[in-house]
**Q** 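Below is a structure I'd like to ask you about.
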Amino acid sequence: VSMRMIPMFCGRDRSRPNAVYLRKKRTWPLDCYIILSAVINNRAMSELSTILNSVSDVIVKYGKAETIKKFINSDPQSPSAGSGAFTRSRKMPLPELLRFILMPRTRSTSVELLEYSHITGNKRVNKSDFSKRRSLLPSWYIKCLHRDITRRIYGMSSPARWNGHLLLAGDGTTYSLPNTDTIKKIYLDGRKTGKGEQALARGVVLKDVLNDIVVSSGMECYGKDEIALLMDELESLPEEISSWDPVIVLDRKFCAYTLICKMMRLRLNFIIRVKERFNAEVDRFIKSGKKQADIVLRPASTTVKKLNRLYGPDDYRSFKVRLVRMSGSVVVMTSVTDVSLLSDGKDVYHARWDDETTIGFMKNNLQVEVFSGISPRSLLQDFYSKTIIYNILSLLVSQAAELRHDKKPRRINRNVALGILKLNILTIIPASSVTNNKNLDQVLKEISCFSIPVIENRHNPRVFRKIKHSGKYMTLTNYARAI
């Protein structure tokens, strides 16, 4: 399968047979590589600079007073910020406020503000002033910024695809939150499992695994199930992504008629691992040992009534799907019938593992569970800002790999790259005006200097973290933080 793409994404370029290729760590099983050219590709650097400048353009737009005023007026749930809140001269004007929120931060807010003032050369802002300023930003303002950045990335590029489809892997997780009474009241609402008092949130991450871009993410109360969260994210997929005919790859915990019906109504293809006792036809296929079969799923009458109640009157008595045995114990059902999922013995289902490693990176490296405030608004601002940082980091890392010419497979050290991103936040995220990033080449060269060897067929045992019983953040003992 030819997977040609532009340099912003990780893929294989068959037009350059003499290039050196670098496999991503824990990448999906197909031939997805980062290209390590023997010479610097100036054209590629120019294209990435264009994309990053375009992303910066969106950030600058969201740092303007007229943009946030328009957002507040269009959102009835957003409280009025008052006249002059974003136009009068302040210690931390809106562009600087937005840039500081997007800056990777995990330490004391006072220390981070002091470091930011040293980087920017601006006057120091105390924690109290920052808290007052950030309280004027609506809860969903940063999420909308992430959505517009994603639209801009896919709107001006041709991403890598599998047989003409984007591969979007979805997975759920649990986030530990500050253990305050207000947060517990909001996020533990409707909790049906366990009796713990720790404030928790339910979350989902939807990632383009071939291009290493988080296209959507969400964090809601712990009582809301992951299937409902995923359906909300799928409904809000931008046209720039849905136009590439995406295929949603999911684990067996998402095997439910409500989600299958929803994706069919949204005209989204899917690959979902089936679970036992989901359907009689599925159980017969699992026991038969067959490699592939086209079947008709027939939900029970109670399920049909539920679907009618959720999605309106329609014929929900049958769904045509294809069952494919990926391995001895792994069986998936899919709506993709024009392409074999086992072509050349490659397993497309396990592409979703890259989404799980992304969640691990966000928790351990970006430390998404470390918040700079305890208000519900602050939690959402920090959560979505780190999703944006992940995508910007992916763009930088994929391009920095172009500058290397190793004889043996190596990959960019993403943890060190994250630290370099923080030190060069002024270059990557401008405050008020967009200019050509003259220092971008230097940043990329610096990132490219830090690489680690790729160890083939390396498997680490999966460790399940216990839910914490206190509000203090606990990092891994063998982990060296970069931020």
Side-chain angles (χ1 to χ4, degrees), residues 7-12 19-28 32-38 40-41 44-45 48 51-52 102-107 115 119 205 207-214 353-368 370 386-425 427-429 437 439-460 463 475-483:
M8 62 166 284
F9 293 130
C10 303
R12 186 166 186 176
V20 183
Y21 295 94
L22 172 62
R23 183 183 293 274
K24 289 174 56 184
K25 181 183 179 183
R26 286 194 179 277
T27 189
W28 77 311
C32 182
Y33 295 84
I34 297 176
I35 302 171
L36 300 182
S37 304
I40 297 177
N41 190 331
M45 299 279 286
L48 178 76
I51 293 171
L52 283 173
L102 293 177
M103 182 178 176
R105 296 171 289 111
T106 58
R107 296 177 297 176
E115 181 180 7
I119 294 175
V205 175
K207 179 188 174 182
D208 181 355
V209 294
L210 292 185
N211 302 301
D212 198 20
I213 297 292
V214 176
W353 178 252
D354 195 64
D355 190 42
E356 294 195 11
T357 58
T358 296
I359 294 176
F361 183 87
M362 294 182 69
K363 285 189 173 183
N364 295 320
N365 297 70
L366 280 171
Q367 301 175 68
V368 71
V370 178
K386 289 184 178 179
T387 306
I388 294 173
I389 287 298
Y390 179 89
N391 287 343
I392 294 177
L393 181 65
S394 293
L395 297 177
L396 293 171
V397 168
S398 63
Q399 186 54 44
E402 291 275 356
L403 307 182
R404 298 189 59 85
H405 45 88
D406 302 286
K407 294 182 179 179
K408 295 183 179 181
R410 299 182 69 86
R411 66 181 180 88
I412 300 296
N413 189 322
R414 295 177 67 95
N415 190 46
V416 175
L418 178 61
I420 296 174
L421 169 60
K422 181 176 182 179
L423 294 176
N424 295 275
I425 196 70
T427 299
I428 307 303
I429 304 178
N437 287 334
N439 296 326
L440 179 59
D441 291 356
Q442 185 62 36
V443 174
L444 292 173
K445 290 177 183 178
E446 193 171 25
I447 292 175
S448 68
C449 292
F450 297 90
S451 66
I452 55 178
V454 175
I455 303 177
E456 298 290 345
N457 301 318
R458 182 181 182 181
H459 299 283
N460 296 320
V463 178
T475 188
L476 301 177
T477 56
N478 62 342
Y479 172 69
R481 294 180 293 178
I483 60 173

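Throughout, residue positions are numbered sequentially from 1 according to the sequence presented. The analysis underlying the following values was restricted to heavy atoms, covering all of them including side chains, and did not include hydrogens, waters or symmetry mates.
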**Q** Indicate the atoms forming the closest heavy-atom contact of Ser394 with Asp212, along with that distance.
**A** OG-O, 2.9 Å
**Q** Quick one: are Thr358 and Met362 in side-chain contact, heavy atoms under 4.5 Å?
**A** yes
**Q** Calculate, to the nearest 0.5 Å, the distance between atoms OG1 and CG belonging to Thr387 and Leu102 respectively.
**A** 11.0 Å
**Q** Where do Val214 and Asn391 come nearest, in terms of heavy atoms and distance?
**A** N-OD1, 2.8 Å
**Q** Just one of Asn365, Leu418, Ile388 clears the side-chain contact (heavy atoms from CB on, under 4.5 Å) bar with Leu393, so which one?
**A** Leu418
**Q** Rounded to the nearest 0.5 Å, how far does CG of Leu403 lie from CG of Asp441?
**A** 8.0 Å
**Q** Are the side chain of Asp406 and the backbone N or O of Lys408 linked by a donor-acceptor pair below 3.5 Å?
**A** no
**Q** Over all heavy atoms of both residues, which pair between Ser448 and Ala400 is shortest? Give the atoms and the distance, please.
**A** CB-O, 3.4 Å
**Q** Which heavy atom in Asp208 sits nearest to a heavy atom in Asn211, and how many Å separate them?
**A** OD2-ND2, 2.6 Å
**Q** In Å and rounded to the nearest 0.5 Å, what is the CD1 to OG distance from Ile412 to Ser451?
**A** 6.0 Å
**Q** With a 4.5 Å cut-off on side-chain heavy atoms, are Glu446 and Asn424 touching?
**A** yes
**Q** Tell me the closest heavy-atom pair linking Thr106 and Leu366, and the distance in Å.
**A** CG2-O, 4.0 Å
**Q** Can you confirm whether Leu52 sits close enough to Leu396 that some side-chain heavy atom of one is under 4.5 Å from a side-chain heavy atom of the other?
**A** yes
**Q** Less than 4.5 Å apart, side chain to side chain, heavy atoms only: is that true for Ile213 and Leu395?
**A** yes
**Q** Please enumerate all residues that pass salt bridge (Lys or Arg N to Asp or Glu O under 4.0 Å) together with Glu115, with sequence neighbours excluded.
**A** Arg107, Lys422
**Q** Report yes or no: does Arg411 contribute a side-chain atom to a donor-acceptor pair with the main-chain N or O of Val454 at less than 3.5 Å?
**A** no
**Q** Please report the interatomic distance CG(Leu444) to CD(Gln442), rounded to the nearest 0.5 Å.
**A** 9.5 Å
**Q** Can you see which heavy atom on Ala417 is nearest to which on Ile447, and at what distance?
**A** CB-CG2, 3.7 Å
**Q** Using the test side-chain contact (heavy atoms from CB on, under 4.5 Å), find all partners of Leu423 that sit at least two apart in sequence or belong to another chain.
**A** none
**Q** Quick one: ring pair (Phe, Tyr, Trp, His ring centres under 6.0 Å) partners of Phe361, sequence neighbours excluded?
**A** Tyr390
**Q** Just verifying a value: how many Å separate Ile425 CD1 and Arg105 CZ, rounded to the nearest 0.5 Å?
**A** 10.0 Å
**Q** Could you grab the distance from atom CD1 of Ile359 to atom CG of Asn364, nearest 0.5 Å is fine?
**A** 11.5 Å
